[in-house]
Amino acid sequence: MSSYGFSITLKGSMDQIVKKVTEALKAEGFGVLTEINVKDTLKAKINVDTRPYMILGACNPQLAHKALSAEPDIGLLLPCNVVVREEADGKITVAFLDPDIMVKLVSNPEIQAVAKEARTRLECVRDSLKT
């Protein structure tokens, strides 16, 4: 995985995994604000066929409020994006943006605390998907 995220690879259909990820996010206090179907968008805009690829814009309202209260422009780095994509072998990768990226860009101790909690919660989401 990249230096800006962490992931897990699963077996199942794209729809099943997106539903499972959404439920796991909810269990950790996140809602999905946006769903971007990249496959459908690329097909509609530039007539390119790709494997299924979804971007879920996940937000934990309490953590977002803390972050925005501490650093109003932190909204530029929100929400926490989660990618669900189909690989060539048919497996599904779920990738999470590492909230610690915010810490590298903003030297505010309050943001560090929010990022740490967000990462812990997202790691719990990832780990819950293993079962």
> For the backbone of Glu71 and the side chain of Asn108, can you confirm whether one donor and one acceptor N or O come within less than 3.5 Å of each other?
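Checking the backbone N and O of Glu71 against the side chain of Asn108, no donor-acceptor pair under 3.5 Å is found.
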
> Going through the distances and angles, do Ile101 and Leu77 end up as a side-chain contact (heavy atoms from CB on, under 4.5 Å)?
CA-CA 9 Å; Ile101 292 300; Leu77 302 174; 5.6 Å; no

> Between Pro79 and Ala58, what is the shortest heavy-atom contact and its length?
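For Pro79 and Ala58, the tightest heavy-atom pair comes out as CB-O, 3.0 Å.
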
> Do Leu68 and Val114 belong to the same hydrophobic cluster, where Ile, Leu, Val, Met, Phe, Trp and Tyr are linked whenever their side-chain heavy atoms lie under 4.5 Å apart, directly or via other members?
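Not linked; separate clusters.
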
> Between the main-chain N or O of Leu97 and the side-chain N or O of Asn81, is there a donor-acceptor pair closer than 3.5 Å?
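Not at all, since once roles are kept as given, no pair shorter than 3.5 Å links the two residues.
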
> For the atom pair CD (Gln112) and NZ (Lys116), what is the distance rounded to the nearest 0.5 Å?
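NZ of Lys116 is found 10.5 Å from CD of Gln112.
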
> For Gln62, I'd like to know if atom CD has over 12 heavy atoms of other residues, nucleotides or ligands within 6.0 Å.
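It does not: Gln62 CD has 12 such atoms or fewer within range.
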
> Enter the distance from Asp15:CG to Met54:CE here, rounded to the nearest 0.5 Å.
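Here the rounded value is 8.5 Å.
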
> Assess the residue pair Asn60 and Glu28 against the criterion (side-chain contact (heavy atoms from CB on, under 4.5 Å)); give the C-alpha distance rounded to whole Å, side-chain angles, the decisive distance to 0.1 Å, and a yes or no.
CA-CA 8 Å; Asn60 179 304; Glu28 286 297 324; over 6 Å; no

> Answer whether the closest heavy-atom distance between the side chains of Leu63 and Arg121 falls below 4.5 Å.
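Yes, at least one pair of side-chain atoms sits under 4.5 Å.
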
> With a 4.5 Å limit on heavy-atom distance, are the side chains of Val84 and Met14 in contact?
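Yes, side chains in contact.
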
> What's the spacing between Phe96 CZ and Arg119 CZ if we round to 0.5 Å?
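Atom-to-atom, Phe96:CZ and Arg119:CZ are 11.0 Å apart.
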
> Got Gln16 and Lys19 here, is their nearest side-chain heavy-atom distance under 4.5 Å?
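Sidechains of Lys19 and Gln16: no contact.
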
> I'd like to check Thr22 versus Leu56 (side-chain heavy atoms, cut-off strictly below 4.5 Å). Are they in contact?
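When only atoms from C-beta onward are counted, Leu56 and Thr22 do touch, with a gap below 4.5 Å.
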
> Give a yes or no on whether Leu42 and Tyr53 share a hydrophobic cluster (residues Ile, Leu, Val, Met, Phe, Trp, Tyr; joining criterion: side-chain heavy atoms under 4.5 Å apart).
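In one cluster with Leu42: Tyr53, yes.
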
> So, Lys130 and Asp127, do they make that salt bridge, N to O below 4.0 Å?
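Counted as a salt bridge, because a side-chain N and a carboxylate O are separated by less than 4.0 Å.
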
> For residues Arg85 and Arg51, determine if any side-chain heavy atom of one lies less than 4.5 Å from a side-chain heavy atom of the other.
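Arg85 vs Arg51: side chains apart.
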
> Looking at CG of Leu10 and OG1 of Thr93, how far apart are the two atoms once the value is rounded to the nearest 0.5 Å?
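Going from the CG atom of Leu10 to the OG1 atom of Thr93 covers 8.0 Å.
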
> In Å, rounded to the nearest 0.5 Å, how long is the span from CG of Leu25 to NZ of Lys20?
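Rounded to the nearest 0.5 Å, the CG-NZ separation comes out at 13.0 Å.
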
> Does the side-chain contact (heavy atoms from CB on, under 4.5 Å) test come out yes or no for Thr41 and Ile46, once each step is laid out?
CA-CA 8 Å; Thr41 300; Ile46 60 173; over 6 Å; no

> Is any side-chain heavy atom of Ile111 closer than 4.5 Å to one of Ile74?
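A side-chain contact exists here, since the closest heavy-atom pair is under 4.5 Å.
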
> Working to the nearest 0.5 Å, report the span between CD1 of Ile8 and CG of Leu129.
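These two atoms lie 5.5 Å from each other.
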
> Let me check something: do Leu105 and Leu78 share a hydrophobic cluster, defined by ILVMFWY side-chain heavy atoms less than 4.5 Å apart, either directly or through other members?
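Shared cluster, yes.
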
> Which atom pair, heavy atoms only, marks the closest approach of Lys91 to Asp89?
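Lys91 and Asp89 have their closest heavy atoms at N-OD1, 2.9 Å.
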
> Are Tyr4 and Asp98 packed together at the side-chain level, in the sense that at least one heavy-atom pair is separated by less than 4.5 angstrom?
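Contact flag for Tyr4/Asp98 side chains = no.
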
> Can you give me the closest heavy-atom contact between Ala24 and Val125, atom names plus distance?
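Of all heavy-atom pairs spanning Ala24 and Val125, the closest is O-CG2, 3.5 Å.
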
> With a 4.5 Å cut-off on side-chain heavy-atom distances among I, L, V, M, F, W and Y, is there a chain of contacts connecting Ile55 to Ile92?
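Cluster IDs for Ile55 and Ile92 differ.
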
> When hydrophobic residues are tied together by side-chain contacts of less than 4.5 Å, even through go-betweens, does Phe30 share a cluster with Val32?
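Yes: a chain of side-chain contacts under 4.5 Å links Phe30 to Val32.
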
> Quick check: closest heavy atoms across Cys59 and Pro61, and the distance to 0.1 Å?
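So the two residues come closest at O-CD, 3.5 Å.
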
> Do Lys39 and Glu86 have side chains that get closer than 4.5 Å, going by heavy atoms?
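The answer is no; the side chains never approach within 4.5 Å.
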
